[in-house]
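Everything numeric here is computed off the predicted structure, so don't read it as measured data.
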Protein chains: 2
Amino acid sequence: MKQPLHERIRSDFEARILSGELLPGARLPTELELMRDYDCARMTVSKALSALVAAGLIDRRKRAGTFVARPRVHSMVLDIPDLEQEVLQRGQRYHFELFNREVRTPDPAHPDEAALAGEGELILLEGVHFADDVPLAVEARLISLSAVPDIAASAFQGASPGAWLLKHVPWTEAETRIAAVPADRNVAARLHLALGSACLFVERRTWRGDEGITLVRQHFVGSAYDLIARFGSARRPSDG
Amino acid sequence: MKQPLHERIRSDFEARILSGELLPGARLPTELELMRDYDCARMTVSKALSALVAAGLIDRRKRAGTFVARPRVHSMVLDIPDLEQEVLQRGQRYHFELFNREVRTPDPAHPDEAALAGEGELILLEGVHFADDVPLAVEARLISLSAVPDIAASAFQGASPGAWLLKHVPWTEAETRIAAVPADRNVAARLHLALGSACLFVERRTWRGDEGITLVRQHFVGSAYDLIARFGSARRPSDG
DNA sequence: CAGTGGTCTAGACCACTGA
DNA sequence: CAGTGGTCTAGACCACTGA
């Protein structure tokens, strides 16, 4: 076996917990007992158990011992789509059409804008994502020019600002809000929808450290777009 | 300081990476150098760097060294709401009303049902989540009786099946699909909405190991509900 | 083939906290 | 106050891999 011992210990207990053999609240052996069971040093046991703590599977309390954690918080991994890639994978053509571009200072009436750029300048880019020449989403994106000065040199006809940013500007933090909204007049016109049609609304802010980079609001055609989030290690059969 | 040394080393480098001082691809000192810098044993350095690897901030390659990781894949953590908790945190009262409950075998016409329960029995629970007596979401939930036999004994008047499951049945894998859909006649009636109103649609399947546990489809009142996904370690100022 | 990380040992002292 | 986990040391051998 090339598998490290700490990994074997970790996966042993992971399996016993996930199978239900060890129920929430059940006590695990102490480090001393595990040293005997696996005939190893305490650091090795400690490394295995630390990984289980990090994974949220166990809790450890001094003097009391190590216990199977209560079922974890309900969180999953959401894949943030690269729209171009997704469209291409569906076998469709992709393009992006920019229909507005302005450079200005933050509007004091919009706290979002000042939060993004402080007193620096912003660039506003508005455009539509197309799949096979059918509108898929319309987006309005604000970018802080002080964080991303190179943006001024880019044209964004064909390629989307999001893809450009992803390549050029590493971000470290992001927050995404997801909602369902009716299409307003502007969105309906851009997406060729009836007024009030259900749209998936995605609003994302990204930062690098403490500096705001971009704020984007996207409206997707409800009938044409889903987001997928997953949790878990093994792949489902249906994943193909 | 009560802060462990390995944590200090970890947070030092985390800060330098997130601030942009250490850009992607930049080389970190070797373990030997860090032992000297922090005047500590190699295990202590190793523990700190292992945590950064786990967080995706650095990559380590033998012989080559330790490097700041390229901006990670575009994925975020989506908090799956415990509806009751969220409603209570908003200062509203919560309750759940069950309006349908059936036990049956999977309908061959619905591949979802066979995928969930195989040839075993299913229980179907349909109900509405209320916040201050206003409908917030309607859900239809299928549960595999072979995976969760105890479910037959529960009433689910007041508390939701989701909360019950979360407490009683640990799951290990889940998949969530998120979309915006217009309210159909049933949804509109249950949520007191106009036909065609934008609803956030959440469909989630959960498994324990290879065994399907539940499949739930929820329609949220679009104007009353958002999902939030986050990525990053530091909290934003707006997080309070 | 030498430098780097991966793993592991066999101890040690300490902090916490529940029996 | 004794058992438990948290941290740390000062080594060791090894595997990998890029200069």
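- For A:Thr44 and C:dT9, the shortest distance from a side-chain N or O to OP1 or OP2 is below 4.0 Å.
- The backbone N or O of A:Glu7 lies less than 3.5 Å from a partner atom in the side chain of A:Ser11, making a donor-acceptor pair.
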For nucleotides 11-14 of chain C, which of its nitrogen or oxygen atoms have a protein nitrogen or oxygen under 3.5 Å away, and what is each distance?
from   : atom 1 : to      : atom 2 : distance (Å)
C:dA12 : N6     : A:Arg42 : NH1    : 3.1

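- Salt bridge annotation for B:Glu203-B:Arg177: present, with a cationic side-chain nitrogen under 4.0 angstrom from a carboxylate oxygen.
- Heavy-atom distances to DNA chain C give each of A:His6 and B:Leu49 a nearest nucleotide, and the one nearer the 5′ end belongs to B:Leu49.
- Remark: A:Gln92 pairs with A:Val87, A:Arg90, A:Ala131, A:Asp132 by the side-chain contact (heavy atoms from CB on, under 4.5 Å) rule, at least two apart or across chains.
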Intermediate values then yes/no, side-chain contact (heavy atoms from CB on, under 4.5 Å), B:Gln218 and B:Arg204: CA-CA 9 Å; B:Gln218 300 171 315; B:Arg204 179 160 44 250; 4.1 Å; yes
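- The separation between B:Arg10 atom CZ and D:dT7 atom C1' is 16 Å, rounded to whole Å.
- Note: CG (B:Leu34) to P (D:dA10) measures 17 Å, nearest angstrom.
- Helix bend of the helix from C:dC1-D:dG18 to C:dG18-D:dC1: the angle between its two end axes, each built from five pairs, comes to 10° after rounding to 10°.
- Taking atom CD of A:Gln3 as the reference point, atom C1' of D:dA15 lies 16 Å away to the nearest angstrom.
- Here the OG-CG distance, from A:Ser144 to A:Leu116, works out to 5.5 Å after rounding to the nearest 0.5 Å.
- Between the OH atom of A:Tyr38 and the P atom of C:dT7 there is a distance of 17 Å, rounded to whole Å.
- At the phosphate of C:dC8, neither OP1 nor OP2 sits under 4.0 Å from any side-chain N or O atom of A:Lys47.
- No engagement by B:Leu32 is indicated, since no non-hydrogen atom pair under 4.0 Å with the nucleic acid exists.
- Set against C:dT7, C:dT9, D:dT9, the side chain of A:Cys40 has C:dT9 as its closest nucleotide.
- Taking all atoms of both residues into account, the shortest heavy-atom contact from A:Tyr94 to A:Ser160 is OH-CB, 3.3 Å.
- Rounded to an integer number of Å, the gap from B:Ile9 CD1 to D:dC8 P is 8 Å.
- Between A:Arg70 and A:Asp59, none of the side-chain N atoms (NZ, or NE/NH1/NH2) sits under 4.0 Å from a carboxylate O, so this pair counts as no salt bridge.
- Not one N or O on the side chain of A:Thr44 forms a donor-acceptor pair closer than 3.5 Å with the backbone of A:Cys40.
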Extract all donor-acceptor atom pairs below 3.5 Å that involve side chains of residues 20-35 of chain B and protein atoms in other chains or at least two apart in sequence.
from    : atom 1 : to      : atom 2 : distance (Å)
B:Glu21 : OE2    : B:Arg16 : NE     : 3.0
B:Glu21 : OE2    : B:Arg16 : NH2    : 3.2
B:Arg27 : NE     : B:Ala64 : O      : 3.3
B:Arg27 : NH2    : B:Ala64 : O      : 2.7
B:Thr30 : OG1    : B:Leu32 : N      : 3.4
B:Thr30 : OG1    : B:Glu33 : N      : 3.2
B:Glu31 : OE1    : B:Arg42 : NE     : 2.4
B:Glu31 : OE1    : B:Arg42 : NH2    : 3.1
B:Glu31 : OE2    : B:Arg60 : NH1    : 3.1
B:Glu31 : OE2    : B:Arg60 : NH2    : 2.8
B:Glu33 : OE1    : B:Thr30 : N      : 2.8

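- A cation-pi arrangement is absent between A:Arg217 and A:Phe201 under the rule of less than 6.0 angstrom and at most 45 degrees off the ring axis.
- The salt bridge (charged side-chain N to carboxylate O under 4.0 Å, His left out) check on A:Glu86 picks up nothing, with sequence neighbours excluded.
- For A:Asp39, the CG atom counts as loosely surrounded, since its 6.0 Å shell holds 12 or fewer non-hydrogen atoms of other residues, nucleotides or ligands.
- Distance, B:Glu31 CD to D:dA15 C1': 14 Å, rounded to whole Å.
- Here the P atom of nucleotide D:dG3 and the CE atom of A:Met35 are 16 Å apart, to the nearest Å.
- Within residues 58-68 of chain B, the residues having any heavy atom closer than 4.0 Å to DNA chain C are, in order of number, B:Arg60, B:Arg61, B:Lys62, B:Arg63, B:Gly65, B:Thr66.
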